[in-house]
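Counting starts at 1 for both ligands and their atoms, following the listed order. On a predicted model such as this, the values are computed, not experimentally measured, just so you know.
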Amino acid sequence: VVRAVSRRNLTAAKKILNKAFGSIELTENPLEVVRHPDIDIVVELIGGVETPKNLVLEAMAHGKHVVTANKALLAEHGNLLFATAQAQGLMLAFEAAIAGGIPIIKAVREGLSANHIHLIAGIVNGTTNFIMSEMRNKSIDFATALKQAQELGFAEADPSFDLDGTDATHKISLLSAMAFGIPIQFSKAYKEGISNISPIDIKYIETLGYRIKLLAITKRMDTGIELRVHPCLIPSECLLANVEGPMNAVLVQGDIVGSTMYYGQGAGGNPTASSVIADLIDVTRLHTVDPEHHVPHLAFQPKALNDIKVLPIEEVQTSYYLRLRVTNQIGVLATTAAILAEHQISIESVLQFEEDKTPIPHNTGEVDLVILTNYAQESMMNAAITKLQQLPSVCHKIVRIRKEELQD
Ligand SMILES: NC(=O)c1ccc[n+]([C@@H]2O[C@H](COP(=O)([O-])OP(=O)(O)OC[C@H]3O[C@@H](n4cnc5c(N)ncnc54)[C@H](OP(=O)(O)O)[C@@H]3O)[C@@H](O)[C@H]2O)c1
């Protein structure tokens with residue numbers, strides 16, 4: 001039974017709320033809801049971080065279970081909020097916070113509990129996936145694709161958190177905690193957005209048999225855990241590469257199950273409501289159960305958490321796409337290969353786009369040298385790029401995009 005609703009501006013919403021719920025209590029002060037003596041479950045869908053943090057803590061202090069869709073809140077303060085819920089024997093459910101309507105939390109936390117998960121890689125931000133799909137399908141630049149996304153309602157008026165990878169980083173930090181039994185480590189994640197991706201690279205990447213996606217990746221390595229969000233080349237035949245427009249998809253690999261994929265709408269009123277209501281049903285079914293038997297919020301019992309370190313990006317090993325715009329002269333390729341070899345980076349393939357054959361024309365006497373490398377350490381790649389950039393034959397800023405040979 002919906003007992004009370006709080007909204008900042010009730011005048012605009014009164015009619016619709018009364019129509020939906022009949023005569024219920026309406027207030028512009030959310031504290032009246034979280035402290036309400038007749039309310040068992042509080043649903044937080046207001047967004048932001050500090051206000052909902054205080055409201056969720058206040059709700060739990062009053063013995064209420066909480067459902068939220070707020071990934072920013074949980075990525076930043078989840079360790080405190082989940083610990084508080086645990087101490088109070090309360091449920092804090094958040095299925096809508098990651099990939100909207102896809103029940104990915106239930107899948108990772110419960111459906112795959114027999115597995116040691118070793119990789120999660122996902123397209124978890126519909127705005128950036130829409131923009132990159134448009135750039136590829138319509139051969140348009142980033143600014144034009146962003147404008148279209150805003151006109152069609154796939155990007156907010158201020159889309160900075162989507163474009164710079166923050167939103168995807170919130171989500172993968174939560175998934176990483178659930179997959180590997182570590183605290184939520186949003187502040188240690190590496191993030192890089194999509195605003196520097198250019199149509200020319202999209203075209204070259206396509207020629208090479210890859211597509212570029214903003215991927216959120218967390219991986220269990222012998223040395224620690226990788227936690228990163230950045231544009232990434234993936235083979236064009238893999239399922240994730242074919243997730244188009246605003247859709248979301250998450251690949252989860254476990255030791256027993258192998259690869260599993262989850263696909264669906266990652267945002268929007270109905271898909272988000274689907275997950276919020278599933279949480280409400282879960283809490284309603286389980287709230288009388290002994291808290292000892294609740295499903296742990298983040299899949300692992302708090303006492304079973306471990307402190308495996310999150311690897312700094314410099315220690316991550318991946319392969320790379322490099323594009324060097326160079327003067328068209330003998331010896332440039334040999335010098336480039338020698339510098340890469342000096343840094344223990346081996347070349348997988350090289351493509352030189354001749355002046356008259358490049359998809360996008362450039363200055364006379366310059367050609368694009370595109371290199372795919374094998375696995376290399378990020379710190380070595382950084383050093384190699386610094387050295388390559390100093391060569392007189394390299395005319396522009398070198399483009400570097402990471403690459404993953406995902407097996408889905
Ligand atoms: N939209 C999606 O597709 C989606 C998907 C997954 C998760 N989420 C998460 O869901 C949350 C909400 O997102 P949204 O897109 O629905 O945002 P939104 O359209 O801005 O809606 C926020 C609502 O919260 C109300 N509100 C804000 N501050 C309030 C306060 N202090 N007291 C009472 N009411 C307050 C607003 O009321 P007024 O309009 O009266 O100001 C508005 O109705 C965010 O955490 C977001 O990350 C959204």
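Using a 4.0 Å cut-off between a side-chain N of Lys or Arg and a carboxylate O of Asp or Glu, Lys403 and Glu405 qualify as a salt bridge. Salt-bridge formation is not detected for the pair Glu226/Arg220: no Lys NZ or Arg NE/NH1/NH2 atom is positioned less than 4.0 Å from an Asp or Glu carboxylate oxygen.
Ring-centre distance between Tyr320 and Tyr375: not below the 6.0 Å cut-off.
Residue Phe142 is tested with Ile202, Ile131, Ile197, Asn196 for a side chain to side chain contact (heavy atoms under 4.5 Å, CB included); the sole match is Ile131.
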Distance dump, ligand 1 polar atoms to protein, N/O, under 3.5 Å:
unit_1: ligand 1; atom_1: 3 (O); unit_2: Gly268; atom_2: N; d: 2.6
unit_1: ligand 1; atom_1: 34 (N); unit_2: Arg8; atom_2: N; d: 3.2
unit_1: ligand 1; atom_1: 39 (O); unit_2: Arg7; atom_2: NE; d: 3.4
unit_1: ligand 1; atom_1: 39 (O); unit_2: Arg7; atom_2: NH2; d: 3.0
unit_1: ligand 1; atom_1: 40 (O); unit_2: Arg7; atom_2: NE; d: 2.9
unit_1: ligand 1; atom_1: 40 (O); unit_2: Arg8; atom_2: N; d: 3.4
unit_1: ligand 1; atom_1: 40 (O); unit_2: Asn9; atom_2: N; d: 2.8
unit_1: ligand 1; atom_1: 41 (O); unit_2: Arg8; atom_2: NE; d: 2.8
unit_1: ligand 1; atom_1: 41 (O); unit_2: Arg8; atom_2: NH2; d: 2.9
unit_1: ligand 1; atom_1: 43 (O); unit_2: Arg7; atom_2: NE; d: 3.4
unit_1: ligand 1; atom_1: 47 (O); unit_2: Lys71; atom_2: NZ; d: 3.1

List the atom pairs, donor and acceptor, that lie under 3.5 Å between side-chain atoms in residues 296-303 and the rest of the protein, sequence neighbours left out.
unit_1: His297; atom_1: NE2; unit_2: Leu90; atom_2: O; d: 3.1
unit_1: His297; atom_1: NE2; unit_2: Leu92; atom_2: N; d: 3.3

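One finds the CD atom of Glu378 at 6.0 Å from the OH atom of Tyr190 (value rounded to the nearest 0.5 Å).
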